[in-house]
Amino acid sequence: SDKSSTDAGSGNASSGTAGDTAGQAVATDLKYPLSQTIPTLDPHLSLGGSNATVVLNVFEGLFAFNSKYEPVPMLAESYELSADGKTYTFLLRKGVKFHNGKEMKAEDVAASLNRWKDKAARAKSSFGDSQFAVQDDYTVVLNLKNPQNDTLAQLSHVLNFAGIMPKEVIDSAAPEGVNAYIGTGPFKIVEWKKDQYVHVTKFEQYQSLKTAADGFSGKKEALVNNIYFTLATDNATRFSSFLSKDFPYVDVSLDNLPKVQNQPDVQILKNLTTDFNLVFNKKSPLFSNVKNRQAVAAVLDADQILLGIVSTPDLYRLNPSYMYKENSKFYSEAGKENYNQKNPDKAKQLLKDAGYNGQVVTLLTTKDTGNFYNATLMVKDQLEKIGVKTKIDIYDYATMLTKRADPNVWDIYVGPFTMPSTPSQLLYLNPTYGFADDAKLAELLKKSTSAIKPEEIKAANDALQQYQWEYLAAVKIGDTYSYSAVRKNLTGLTLFSGFPNLANTKLLK
Amino acid sequence: MPNEQILLDIQALRTRFYTEAGPVAAVDGVSFHVNKGEILGVVGESGCGKSVTAQSVLRLFDERRTASYEGRISYDGRDLLGLSERQMRDIRGNDISMIFQDPLSSLNPVYTIGDQIAETIRLHRRTGKKEAYRKAVDLLRLTGIPAPERRVGEYPHQLSGGMRQRVMIAIALACEPGLLIADEPTTALDVTIQAQIMELIVSLNRKLGMSVMLITHDLGLVAEVCDRVVVMYLGQVVETADARTLFAKPRHPYTIGLMQAIPRLDGDRSKPLKAVEGSVPSLHDVPGGCRFAPRCAYADDKCRNDMPELTGLKDGTAVRCWHADHIDGMEA
Amino acid sequence: MTVSGESRPVATPLLQVNGLKTYYTAKQPNGFRKAVVKAVDDVSFRIYEGETYGLVGESGCGKSTLGKTLLRLTEPTAGEAVYRERDLFRLSRSELRTLRQELQIVFQDPFSSLNPRRTIGKTLEEPLAIHGIGTPKERTERAFGMLRTVGLPAEHYYRLPHELSGGQRQRIGLGRALIVNPKIVICDEPVSALDVIIQSQMINLMRQLQAELKLTYLFIAHDIGVVRHISDRIGVMYLGKIVEEAPVDSLFSTPLHPYTKVLLSAVPNPDPVRKKERIILQGEPPSPLDPPAGCTFHTRCPYATELCRNTPPPKREAAPDHFVACHLT
Amino acid sequence: MTEIASDARVAERSTLAGSQRRLFYRRLLANKAAMAGIALIVLLAVVSLFAPWIAARDPQDVDIVKRLTPPSPGHWFGTDNFGRDVFSRVVYGTKISAEVGFAVALAVSAFGLVIGLYSAMYKWLDQLLMRFMDGLYAFPAVLLAIAIMAALGPNAGNLIVCLIVVFVPSVARVVRSAALVAREQTYIEAMRALGASHTRIVWLHIMPNTLSPLIVQGSFVFAEAIIVEAALSFLGAGIPAPTPSLGNLLSDGKMFIYNSWWMTLFPGLALMVSVLAMNLFGDGVRDLLDPHTRQARKGKSRQ
Amino acid sequence: MGTYIMKRLLALLPVIVIMSVVVFLIIYLIPGDPARVMLGDGADEETIRQLRGQMGLDLPLVEQYLRWVGGALRGDLGNSFFLKQPVSEAIAEHLQPTVSLALLAELVALAIAVPFGIRAAVRRGQFADKALTAYSLLGITIPGFLLSLFLVLLFAVRLRWLPVSGYAPLSDGLWNFLQYLILPAVSIGVVISAVIARIVRSSVLEVLNEPYVRTARSKGVSERALVYKHVLRNALIPILTVVGGTFGTLMAGAAVVETIFNIPGIGQMLVHSVERRDYAVIQGLVLFIAFVYVAVNLIVDLLYAAVDPRIRLGK
Ligand SMILES: Nc1ncnc2c1ncn2[C@@H]1O[C@H](COP(=O)(O)OP(=O)(O)OP(=O)(O)O)[C@@H](O)[C@H]1O
Ligand SMILES: Nc1ncnc2c1ncn2[C@@H]1O[C@H](COP(=O)(O)OP(=O)(O)OP(=O)(O)O)[C@@H](O)[C@H]1O
Ligand SMILES: [Mg+2]
Ligand SMILES: [Mg+2]
């Protein structure tokens, strides 16, 4: 809608290019805002948000996403997949140095990935007991029980990131995380002042790929010497700091947008950030009955809910698929007739059939972060319009997490989900998250990940999504964007689902 | 008539307070004078306006908000009511100083007594700190405080009541004032201490020639130390006289009542005390006519309707009573 | 005066106090050691029915403590107080409660001794309510009656204390004590706060009521003139001890203790012609925290000897009914 | 001296009491602050009682199409980001905040009164209770709020419990110190001399003396409870949304403060008015009670 | 004096015992699990269980408490899993910013409140008095975030006089240190000054009626010296009490302002620790706050004695 903003439908947004500024004086230090506290910098435990902002610039995996969510080799030179799709052989790049100066070898990779696989729920459910094994110094082998078409995506995904660390670090790790943060990325950690800032500095011995930079893949060159990831939890403070040129980048709320929108030295970026889903508690008395779930799906008006979340039509899009459109491998429109139905009559009928008689539906949410609450409020409103009694239980984030793990205290949870890239990463298809308990669903999920050929994948994925729209583990609501602002003297910044790739980023004076 | 002898001359002083229920004249047309070197006693029942008169002399009430003064107060020929606040400050503590009834609450609890004495000296005399302190010690010695060098550094609460009152006197004497107003200086003290303090005041009056206006309701005290006496009732002077004359022949019925109310050591115990009946009316509800009429045994219609003036008699006594001539105070 | 000193029958006393001691423990100013204030130290005396026993002494000598101890408002440290054959200090709570009707007190401060928020009527009725005497209507009647007795107009029933003058309040204080028909009234400086005219009214009233109601007073004051006027016998207190005790006339005609002499000479005489010789005491009263050894008065006594400094003087009967504790008499 | 209570004199009773009352009213009327406070409290009471009639719309009615519209005849105070009518939300928010404030002030006064009175009366109890109060006082309110809300469930009732715990220590202290002063008054000793029971002394004679500081402190707690609720709303531990408390409205408004100022301004004003009302009232009460005590003091200095 | 201080500190023991039990019970009551927070949304249940075991959360409550008390008695408040450092060390680190901020805020508050309150008292009922009423009401009601926002926009964004947020320790130079603290100190100071100014007003009014003020006036003391020398010092005790109280409250109560201005202080630490259920830190902080509270009271009492010679400690 506005010319100054760069629409990055792909989930990527970039500011300027690094090339056209040669000759200008550059700053050596950069301050980058963090909006939430960081519990840990252990990449395997990292949960997105502020963690990923730092972690993705310090650690690297065997693969990395490009802007189209395609896994591209990063620390892997190449890989081979056996014909049965069960054995992956990863060849590692040679001469890659850890921040401690040691060269990365297969033993490091195997140790890292085996630990990661145990820590990340999504990896565990994909790989089960399969182990990454050292074949020789530069070769790691993974033997799977079944084919897993999401293997590379899992290795690239930014949450519970499969970063490679030295074996010693892995071996000495405690349950609460590794004791040293040593990766292979273009920046190395100098100091982590808890709850204040993370100071990283250019890693001089970084071995960059020569391929073009794209998303988190390709060439990475540290163009600033120091980055201070600075915690500023207050919206207004972050924004004021941007206005006073303290931060060259900031997330911009709708309310703040006009203040930066037409500034000549500010570029507005629009990032695809999250998709919203309504998750049922399939063990709750009400929503163990699929009819009730269908009733909810029938009444939802996605436009209104999304508008309620972001307050402007510019910042959302409808999307019937559990995957982003950009994710060509898994995007599917199967079952879309059940999306955004806006059909109260049908809903009422379904409720009647299911024997609903005024039980209170508990909506679990938090106001601490994200737009959980806005979305929940809109859903509540729509449910009440068809005569469903509702109650919103708001807790702080920590309490909310614990409550959500308890099947007895909630019915519906509406929340944002960060960048699913394969169906196996959809938390709500997981029995622990919303307590889905359906053999067919599990079967279809398995099929969709074990298919190998693109047509098979497509067919399996269509079937999975079709069934989900009937089983309704969750209801997809839509995708949302957010604005951020970048000073034009900050060039080459790449944002991927809101996470910055600060390599190749240059700050002009 | 300008008189060499007169130090303080109060003419028709009227001090009004702004209260919630309207303005009240706590002092209403008071006239009397203090001669040089004399001790003048001001007596009267509680609430009759003794303290207000005294504080009006120094203009201690806040004229912006609390009170207004009318009439004339001249000190050594200067009209005090016409002075500016700054000029008035030079008078206070310097020409006229005052000591109050309650020695504990009248001293600032957070400063040493030395500080408080020295402060007065330095306000009115150009002296250094050390000098002022030395003077403070001298003053304490003068008032008979033992070991003044040690006491000077102590705080009021460390002293007994009698000593505190001595400190008050030392402060008052700091600048050798011409007039000392002592507002019930011994009421809060024990009889034995009371005697010590009065002894001190009298000796200072003798030694320094300083005039004293002694406010009290203890007629016994007045009889012992005062040269002349002013008797007040409900904001007015009802009688002024030479002390001997007053005690020998009180004229005003109120003065008579006052004298009879005191249990004398030589009085007859078997008879009840002679007490004036009733109590002082409120200032908001002042009787027309003679103010004492409602409680007066001699009152007639004239008394109830017309206010008598303070009239001078031959022996220098002045009385505010229609029946002054035919009342013999000691008859009762 | 109902019963004069001389015509007193040899009857048993109404109240007999023997060896009463009341000590307070106070923290010492500088440290943590507890110090003992001997506020009342071995005091014995008797009060006979219908008489007024006056107690004088300077501030802090223990007069109020003595009064309060008799009423058990302060617990005694030792001694006994026999009232109608019962030791007041050994009564149980409930016995004490009933006996309280017979022993009442009037306080010095007319301003803080009445609850500023309760009307006069309520204040007067309260003692009756506490002891469950009469119906509410009867209590109201008695309150009106008591107002009349103490010489106040009935309209005062509806007033609050701050609407009364000091003298009027003190009458209420007296009324509150009298409404339960006490035998003994302890008057703790009931007129000290009043000015002379009101004071004389009050003294007259108290004497009149004593005659009408057959009261016995323990009258505490520091003004020896007042005490003389109302008392039959007088005790002079100094630093927790009674130093001299005698019928009024005897005490005034022949004071024996030096302190009594000082007290008598300190009273100003309203007669400018007959100025009298004053004994002016030097020095300050000693602290009860640290009383002098020997005779407690020796530090200020003009006649003190070595004996006085070392040995506490015993109490002895110098003349009939005239007791004194001094080595020099 | 022994006048007889004639009927005429007794009849003065009504006129006397009447003139007393008239004097009180005169003083009250002359006290502009107290009058303004009372007027505002009446306004608050009216708003609270008649909220459903004053607010034309349901404060929770979402109309997303009309979101963030500025004040207009249809929506006097504009709408919020969900298209809810800000006027209705402010009306209900004021009602709820006032209710919370009132409930807290009342309960805190009651607890504070009992605790304060009895710790002033008994030394051993004093040690126990005051140490406990010290602990509570030092306890961080945020932690307490999150704990209570999370443990007992997020609702207004539990928030009130939390605020009560937060404020009881300060009120108990005020009552205690007033009671300690009262306890030393001679008339309390007089009551003991008369054989009055402790209960009688505490409740009939000491308690009334603590009332005026208690009222002042209570009105302060009322105001402070509203403010603390607002602060807790920022941390997500206030009255749980979507219930429109003033705190919730303010924390919603913060997100849109530049462009939709009405979302902050009106609840902010409502907050100020509520707090102002109680502060003025408290000050007024103190002033009203003041002349009385001053009179008594002046009298005393006369002795 | 020394014994007095010891005694006061000993009196702290029961408070601490009560607080520690209460805080343990509360932690037991609050849902939420540090392991889950640390490991996040996508965490594996097995890992969560392991981590809980590591954190000692699977032990019975009483045992957890006794362990902790055992440590605390030896001066060991435990370690934070999130901060990866001993709790006492973490508290020490966050102390300087908070104490500096609190001191500066009190300074700002006093600088406003004392002259203002005195003027209002002396000019009772006149303009200054009414202005004070208005000011204090505004100060009490204005939401802290609004004031901070306004100050930041004006002084940091528009005028560029001061940085928006952050903190520099005193070792970085005085101006560096101050520039970060000025705005937050003003935001807090204004609110506190509203409270203090009222106390100043009322206690000065009270003292103005004292007889010794009349004595001073009768000595010829000027109005100014009267108020600043004779009245203020006597009026100081209630003022000190309030200052001490607000100072104690600021220890944990400045969380909002600390967050807005990004000051790594105790308040922010507490909020973060509660958010992520960092039990060791919460317990340590609560104890610490109680201690500070008592210490501040003690200091206030010592100041009482310094201000007023009548007050003797130990009584
Ligand atoms: N500031 C004031 N405002 C209003 N009325 C006052 C003020 N000061 C004194 N009064 C009134 O003026 C009258 C005279 O008071 P004053 O203090 O002069 O009496 P007094 O003769 O000194 O009595 P006492 O012997 O009790 O000291 C009293 O009725 C008193 O109430
Ligand atoms: N509760 C108490 N605790 C400690 N010491 C006390 C207590 N009450 C009184 N005292 C001390 O006991 C001594 C006697 O006090 P008391 O009040 O009996 O004296 P008093 O003769 O009535 O004096 P006054 O004439 O001033 O009323 C004084 O030194 C006083 O300080
Ligand atoms: Mg006077
Ligand atoms: Mg006494």
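Throughout, a chain's letter reflects where its sequence line sits, starting with A, and its residues are numbered from 1.
A salt bridge links A:Lys31 with A:Asp246: at least one charged nitrogen is closer than 4.0 Å to a carboxylate oxygen. Contact check on A:Lys194 versus E:Asp278 returns no salt bridge, with no Lys/Arg side-chain nitrogen under 4.0 Å from an Asp/Glu carboxylate oxygen.
Residues of residues 92-101 of chain E having a heavy atom under 4.5 Å from any heavy atom of chain A, listed by number: E:Glu93. Heavy-atom proximity under 4.5 angstrom to chain A picks out E:Ala156, E:Val157, E:Arg160, E:Val164, E:Ser165 from residues 155-175 of chain E.
For the set A:Thr399, A:Asp406, A:Asn179, A:Asp234, the count of heavy-atom pairs under 4.5 angstrom toward chain E peaks at A:Thr399. When E:Val37, E:Val274, E:Thr259, E:Leu83 are compared by the number of non-hydrogen pairs under 4.5 Å with chain A, E:Leu83 comes out ahead.
A donor atom on one side chain and an acceptor atom on the other are not found under 3.5 Å apart for A:Thr37 and E:Glu275. For the residue pair E:Thr246 / E:Glu106, a side-chain donor-acceptor distance below 3.5 Å is found, with atom types taken as modelled.
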Next item on the list: List the steps and the verdict of ring-ring contact (aromatic ring centres under 6.0 Å, His included) for A:Phe499 and A:Phe161.
Entry: CA-CA 13 Å; A:Phe499 303 123; A:Phe161 180 59; over 10 Å; no
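Interface remark: E:Arg36 contributes backbone and side-chain atoms alike to the contact with chain A (heavy atom separation under 4.5 Å). Heavy-atom distances place the backbone of A:Asp118, and not its side chain, under 4.5 Å from chain E.
In this structure, A:Tyr181 and A:Trp192 have perpendicular ring planes: the angle between them is above 60°, well past the 30° mark. Ring planes of A:Tyr413 and A:Trp410: perpendicular class, angle over 60° (limits at 30 and 60°).
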